[in-house]
Protein chains: 2
Amino acid sequence: MNSNPATTTPTNGAGATEVAPASSPTFSPLYQQIKALITQGLESGEWKPGEIIPSEVELAARYKVSQGTVRKAIDELAADNLLVRRQGKGTFVATHNEDRVQFRFLRLLPDDGDAHPHVSRLLECRRLRAPAEIARQLDLKPADPVVLIRRLLQFDGETTVFDEIWLPGAVFRGLTAERLADYKGPLYAMFETEFGTRMIRASEKIRAVAADAPVAELLKVTVGFPLLSVERVSYTYGDRPVEVRRGWYVTTGYYYQNDLS
Amino acid sequence: MNSNPATTTPTNGAGATEVAPASSPTFSPLYQQIKALITQGLESGEWKPGEIIPSEVELAARYKVSQGTVRKAIDELAADNLLVRRQGKGTFVATHNEDRVQFRFLRLLPDDGDAHPHVSRLLECRRLRAPAEIARQLDLKPADPVVLIRRLLQFDGETTVFDEIWLPGAVFRGLTAERLADYKGPLYAMFETEFGTRMIRASEKIRAVAADAPVAELLKVTVGFPLLSVERVSYTYGDRPVEVRRGWYVTTGYYYQNDLS
DNA sequence: GAGTGGTCTAGACCACAGC
DNA sequence: CTGTGGTCTAGACCACTCT
């Protein structure tokens, strides 16, 4: 039938000319099945972030479909930011490392100019049992182990962001303050290279809140000062949540940039 | 050569088998030229919002290209939300009217549930000369005529949003408080059907600010209360700015939803 | 020159909507 | 049944990159 791409080859076309049998109630186009197969390869680690994947011709041969079908599958994966096409070179697995795609997840910009390297200052990194709300958002059982990271971000020397980051303990097993402090570059790059967990997408809830005493002191503002509250849940392959991040942003001189299209 | 799609037909292929001459320094794919031609048809009003455009076969014949090339052009226009494909029916010009695509531009959601019809209360609508900053953002000359709309939005009876909306006076010539009050439905739908100006995309700068006295009174909060400040510039065809909107949102019980992907 | 992705074509067939 | 968009194929050629 036309439903189970869990095997190595797509379900259509034992022969070459035969195409979608279709008419089944759960019809799925061939290229969607190919897309799922490629995603499996990404998820299983067959092709790692930054690496090149086989050429379209090779994949077409492997999956016994035409190059055009592979192309359409890759097109969608590239649109989803899972793959990156480079004409003349090949197709690569997207990575949080050597990319200026970090402005995809940190959208705080200065009122003037644009570029802004930031410095992270780690406050703590400890393991504890998940509070009920965090467990719910991470799809864990209550009291499952989690890692809590608290940190400050400075832009041009100004303390601008306070983050509380919650991660499932089972996935981030060897994560310690030392390893965090040693690592250069964005957190998501570390998660990807050190723990094999790649953030694919995120969903944010944004509010304006008044600074309470502890946060006010960290961000060097007065109690009651208006802060941008950003609550983010990040997802990896299969839409599995793997991070809850609660951020408090000082938005004097900086703003959160968003494009509606 | 391969550069001027301002004429009625694409620049490639006088014959049928001849394809892109290319090798020119300003190479542009055929489907991009088709895309530009279709966009012209949208902008000129040849096909109006909500209407159906010619079938792929027809367009292919008109432009003297293959159906596949037209298809790729339409695919991109649909991805940009300028067109909407409906299998079995045809391809339609996107519209702000009969669509639940209004949640694309108003992203305030209640903490529980999801749906939320809102009521608009018009405070004023008057014409004046553009302040320097507004003129700059709307790409007008200082002191050019503009329309200023001030209004409140209520969700479930709660006053949640105060908006100041600036529009170029030349485009919105007959816009009055009466017409605004009479019109049912979202503003962008009215702009589209009454003034032929369709909003395509928008860019927002979001901050947390303290309510000042006038805004606090309108939103029924205390002075200094944290509000979400949303400054939006909206664009129509050709990336021409046609609206500046400054909103103040009460985010207790509501949040601004954003997806990073 | 060889290999990669990118474009374009032509033709076949399928899924869906409306008559 | 007809017309629409949606899928799939096969082949040709172009643009880009590296050797």
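Per chain, numbering begins at 1; letters A, B, ... match sequence-line order. What you see is a predicted model, and the numbers here were worked out from it, not measured in a lab. Below, all heavy atoms of this structure are taken into account, side chains as well, without hydrogens, waters or symmetry copies.
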Legend entry - OP1 or OP2 of C:dT7 under 4.0 Å from side-chain N/O of B:Thr69: no
Inset, instruction - Take the protein atom CD of A:Gln32 and the nucleotide atom C1' of D:dT7, then report the distance between them rounded to whole Å. - result: 11 Å
Legend entry - Protein-nucleotide distance (A:Phe27, atom CZ; D:dG6, atom P), rounded to Å: 12 Å
Grab the N/O contacts between the protein and nucleotides 1-3 of chain D below 3.5 Å, and write none if there aren't any.
residue: D:dG3; atom: N2; partner: B:Gly88; partner atom: O; Å: 2.8

Inset, instruction - Provide, to the nearest angstrom, the distance between the CD atom belonging to A:Gln67 and the P atom belonging to C:dT7. - result: 13 Å
Inset, instruction - In whole angstrom, give the distance that lies between atom CD1 of B:Ile74 and atom C1' of D:dG5. - result: 9 Å
Inset, instruction - Quick one: list whatever passes side-chain contact (heavy atoms from CB on, under 4.5 Å) with A:Asp182, sequence neighbours left out. - result: none
Legend entry - B:Lys72 side chain near C:dC8 phosphate (N/O to OP1/OP2, under 4.0 Å): no
Inset, instruction - Go through the structure and list residues passing side-chain contact (heavy atoms from CB on, under 4.5 Å) with B:Arg71, not counting sequence neighbours. - result: B:Glu56, B:Asp75, B:Arg85
Legend entry - Distance in angstrom units between B:Glu76 CD and C:dC8 P, rounded: 11 Å
Legend entry - Cation-aromatic face contact A:Arg173/A:Phe195, 6.0 Å, 45 degrees: no
Legend entry - Note, B:Phe105 side chain near B:His96 side chain (heavy atom, < 4.5 Å): yes
Inset, instruction - Measure from the side chain of B:Pro29, starting at C-beta and using heavy atoms only, and say which of C:dT7, D:dT9, D:dT7 lies closest. - result: C:dT7
Inset, instruction - Using a cut-off of strictly less than 4.0 Å, decide whether B:Arg86 has a side-chain nitrogen or oxygen near OP1 or OP2 of D:dG5. - result: no
Legend entry - For A:Gly247 against A:Asp163, the heavy-atom pair lying closest together: CA-OD1, 3.2 Å
Legend entry - A:Asp259 versus A:Gln257, side-chain donor and acceptor atoms under 3.5 Å: yes
Inset, instruction - Check the distance between D:dC14's C1' and B:Tyr31's OH and give it to me in whole angstrom. - result: 13 Å
Legend entry - Whole-Å gap separating C1' (D:dG5) and CD1 (B:Ile38): 14 Å
Inset, instruction - Mark yes or no for whether B:Thr69, through its side chain, and B:Val65, through its backbone, hold a donor-acceptor pair below 3.5 Å. - result: no
Legend entry - Contact under 4.0 Å: B:Ser66 side-chain N or O vs C:dC8 OP1/OP2: no
Legend entry - A:Leu30 CG to C:dC13 P, straight-line distance once rounded to whole Å: 17 Å
